[in-house]
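Can you read through this structure? Questions will come right after.
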Amino acid sequence: MMPTPGAPAIRLTDIHKSFGPVRANRGASLEVMRGEIHALVGENGAGKSTLMRALSGMYAPDSGRMEVADADGILHEVTGWSTAEAIAAGVGMVHQHFMLVSTLTVAENLMLGAELTKDGALRVLDTARAAREVDALSQRTGLRVNALQRVSELSVGEAQRVEILKALYRGARTLILDEPTAVLSPPEVAELWQVLRHMRARGETIVLITHKLDEVMSISDTVTVMRHGRTTARLRTADTTPPEIAREMVGRDVVLATEMRQDAAMAGEGWAVARDGESVAPASDARSLGTSSFPLPALEVRVLAVGNARRTRAVDDVSFSISPGEILGVAGVEGNGQTELIEAIAGFRQVRSGSILLDHRDITHTAVRARGQAGLSHIPEDRHARGLVLDYSIAENLILGQQHRFARGGFLNTLDGDRIADNARRQIAAFDIRPNDPTLPARALSGGNQQKIVVAREMGRDFRVLLAAQPTRGVDVGAIEFIHAQLRGARDAGKAILLVSADLAEILALSDRVAVMYGGRFVVVLPRAQASESVLGPYMTGAEEAA
Amino acid sequence: MAALLFLAQTLRIAIPYLFAAAGGVVSERAGLIGLTLEGYMLGGAFGAALGSYYGHSAWIGVLSGIGGGALLALVYGVSAIRFRADQVVIGIAINLLAIGLTRFFLRLAFGSSSNSPRVAGFGAEHAGTGVSALLSNPMIWLGVIAIPVIGWVLYRTPFGLRVRAVGEHPVAARSVGIPVPRVRYSAVILSGILAGLGGVYLVLDQHQFTDQMTAGRGFIALAATIFGRWDPLRVGLACLLFAAAETLQIQLQGAQLIPSQFVEMIPYVLTIVALAGVVGRAVPPAALGKVAE
């Protein structure tokens with residue numbers, strides 16, 4: 001019997017899965033039809049990845065039923081199977097964090113776990129045959145890779161191609177992709193969509209985990225929405241709208257701060273052109289010009305060079321300035337020096353050469369606390385590593401780095417609990433941190449509320465310049481909306497903001513000027529009105545060099 | 001002739017390092033810190049004394065020595081893999097355990113607190129330290145091929161590919177259906193066998209076991225593993241380098257040009273230099289010491 005398109009390829013019924021006290025899935029059900037691209041959407045922490053990891057055999061569900069169709073289209077129960085069984089049955093997953101061993105070659109990664117060996121008693125690896133098979137598969141699918149290259153030498157886009165090839169190499173007929181575009185530049189995203197459409201045309205089934213609504217609208221056939229571990233809606237993409245999906249994701253109406261993103265999704269590239277046209281007028285606004293014409297930049301960076309563990313010039317002679325009341329957005333694929341730039345300005349990383357001026361005061365070599373007193377605030381890109389002490393209470397996290405301002409003074413110089421509690425009450429109210437109990441450890445909060453603690457601490461005090469690195473990473477739609485409003489409000493109140501984000505839509509939604517960082521340099525700086533995904537994309541991949 | 005004798009003595013000194021460092025490479029490439037090599041060697045040495053004495057055969061000594069090293073490696077493996085104990089803490093404990101256990105059983109089996117009676121070894125009695133004596137000792141040959149064999153296993157076999165994957169990115173290995181704990185147990189026990197053979201060599205060469213006879217050789221092997229950047233060929237050369245330095249020190253002892261303590265420091269100083277990144281960068285396996293996921 002040949003499988004017919006439209007027959008179910010996967011059916012998950014009432015899946016429950018807990019990790020200790022965290023109930024990641026509590027009654028999630030999913031039906032995916034053969035030959036469709038099915039978007040699984042939901043806020044961060046809604047349980048999408050957990051559900052798909054159960055399907056790929058990484059975890060066994062606590063209860064529920066999993067069925068997967070075989071090559072003939074007949075469903076078999078597979079509840080709690082292993083990754084090896086899932087792979088054998090043609091279910092492959094491309095994880096959000098790449099599951100590639102960077103010290104091995106592409107061919108070695110592909111055959112890992114299903115190694116090809118030469119005939120004979122010694123079972124010697126047949127690397128040459130593996131490389132030939134990889135090349136053949138690469139030709140057939142259009143996913144270009146070099147089989148003998150080490151994975152550590154690949155770009156993020158290439159690594160993702162390897163991940164997809166790895167699943168296909170193992171005979172995947174159903175491909176699960178977990179947030180595949182999070183690390184890709186726009187041209188790479190377009191290429192990925194092409195590959196997925198080809199696979200669909202060949203009758204393969206694709207589940208796409210995402211929280212980006214434009215992706216849902218542009219690529220999927222069907223959408224399943226998850227909220228708090230449950231699946232709340234199953235919609236045909238053609239019959240739904242982004243606001244409807246957003247409402248299902250959050251459980252209430254959302255004013256999408258990233259409306260532009262959805263407009264783009266619906267109007268396609270034409271939108272960017274139209275938008276550019278209508279925004280020509282503001283380009284004459286001083287704020288939008290390539291070089292700011294404000295007399296006194298709040299932050300000025302002069303030919304800054306910064307090294308990291310691998311490269312002596314991870315930031316390679318970058319110069320820019322930001323005026324009060326301006327947001328400079330730095331776009332770019334991660335790992336092109338953005339982290340080092342932010343850390344150098346924040347004072348965590350030694351500068352090799354160049355200088356940093358805050359209100360015309362040289363802070364290139366001053367201590368972190370002194371920079372804070374000079375008016376620098378910093379929302380770090382990794383809130384768990386740099387922004388919070390997860391086991392400290394909300395109240396304690398809200399004074400981190402400013403604890404000296406909450407001391408009683410005197411010989412013992414103890415902390416003043418009353419003032420700390422008072423500060424916590426005010427900040428929790430002002431920044432809508434939930435739950436509103438200041439004694440709870442930060443660990444107990446959702447990603448969005450954890451981020452609000454950091455935002456409250458850094459923006460809820462007097463500052464002149466804000467470094468906002470990935471300010472909404474891993475944060476739910478509601479919190480994104482709130483944080484974007486805070487950033488715009490601070491800009492309008494005359495603060496200077498350096499925004500670094502891997503999310504190009506966020507950069508375009510907030511910035512007055514946009515810079516693209518590639519290979520440690522600002523390859524282009526444009527007024528917002530002249531920037532769009534199609535203009536910036538080539539710069540992000542290094543295809544276009546600065547004039 | 002002097003050069004030949006220098007080489008022969010260097011090789012004799014290098015053999016236990018080569019065995020243990022081969023074990024160190026396997027263990028560390030699988031993600032388990034090789035701090036326990038010293039303990040495995042001592043366990044292997046005592047096992048060899050027991051087997052050779054009571055079995056009246058050097059080969060039985062080899063087998064029981066392998067058992068001694070493997071047993072301690074199993075204890076380490078269970079603690080670090082099954083119970084996810086901190087590898088440094090457990091590693092130190094295993095080394096202390098090996099000292100205590102061998103001392104206890106030394107008294108029990110041989111009624112002595114310092115050394116075992118004379119046991120059978122390989123080759124003719126009092127063959128001396130010449131080249132022909134070296135060539136007739138099968139342990140020498142085993143030691144010489146240990147590193148190349150491990151290199152071949154790591155880079156040419158499916159098991160080796162899995163070991164390298166598991167030590168670098170265990171979650172990725174698991175995601176493609178590799179039984180990560182099983183690979184790690186195999187690697188750690190293999191390292192116990194190899195380092196144990198290093199101890200076996202010492203006992204069969206000296207025809208007796210003495211309390212704490214490994215005297216830090218396991219740590220020198222670990223230093224060689226790191227100094228050789230976890231690459232079998234480089235690690236083998238590091239072992240030979242350390243052994244050559246030691247030989248030089250022995251031969252210069254009469255001259256007293258430099259205090260012998262400084263020569264003994266060479267392996268450790270070189271390891272610190274290597275780790276500090278002075279001669280190229282030493283990048284350890286990414287998952288080294290991290291079993292908990």
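Residue numbers begin at 1 in each chain, while the letters A, B, ... track the order of the sequences.
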Which pair of heavy atoms, one from V101(A) and one from R164(B), lies closest together, and at what distance?
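Closest approach of V101(A) to R164(B), heavy atoms only: CG1-O, 4.4 Å.
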
Treating H169(B) as the side-chain partner and F98(A) as the backbone partner, does any N or O pair qualify as donor plus acceptor under 3.5 Å?
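Here the side-chain-to-backbone pair exists.
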
If you look at every heavy atom in S175(B) and M99(A), which pair is closest and at what distance?
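Here S175(B) and M99(A) meet closest at OG-CB, 3.6 Å.
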
Relative to chain B, which segment of L122(A) carries a heavy atom at a distance below 4.5 Å: side chain, backbone, both, or neither?
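For L122(A), the contact with chain B is made by backbone and side chain together.
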
Full working for side-chain contact (heavy atoms from CB on, under 4.5 Å) between L104(A) and E168(B):
CA-CA 9 Å; L104(A) 304 183; E168(B) 204 62 45; over 6 Å; no

Just give me the residue among G113(A), A86(A), S82(A), G57(A) that pairs up with chain B most often, heavy atom to heavy atom, under 4.5 Å.
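It is G113(A).
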
Just by modelled atom types, is the R174(B) backbone N or O under 3.5 Å from a matching donor or acceptor in the T83(A) side chain?
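Yes.
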
More than 12 foreign heavy atoms under 6.0 Å from CZ of R156(B): is that the case here?
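It does not: R156(B) CZ has 12 such atoms or fewer within range.
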
R349(A), CZ atom: more than 12 neighbouring heavy atoms under 6.0 Å
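Result for CZ/R349(A): enclosed.
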
So which part of L100(A) gets closer than 4.5 Å to some heavy atom of chain B, the side chain, the backbone, both or neither?
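Answer is backbone: N, CA, C or O of L100(A) sit under 4.5 Å from chain B.
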
Where is the tightest heavy-atom contact between L125(A) and L161(B), given as atom of each residue plus distance?
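Taking every non-hydrogen atom into account, CD1-CB, 4.0 Å.
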
Engaged part of K166(A) at the chain B interface, taking heavy atoms whose separation is under 4.5 Å
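Looking at K166(A), just its side chain touches chain B.
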
Considering non-hydrogen atoms only, spot the tightest contact between T117(A) and P158(B) and give its length.
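Where T117(A) meets P158(B) most closely, the heavy atoms are CG2-CG, 3.4 Å.
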
Given heavy-atom pairs under 4.5 angstrom as the criterion, report whether the side chain, backbone, both or neither of R170(A) touches chain B.
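The side chain, not the backbone.
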
Which portion of F159(B) sits near chain A, non-hydrogen atoms under 4.5 angstrom:
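Interface part for F159(B): neither.
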
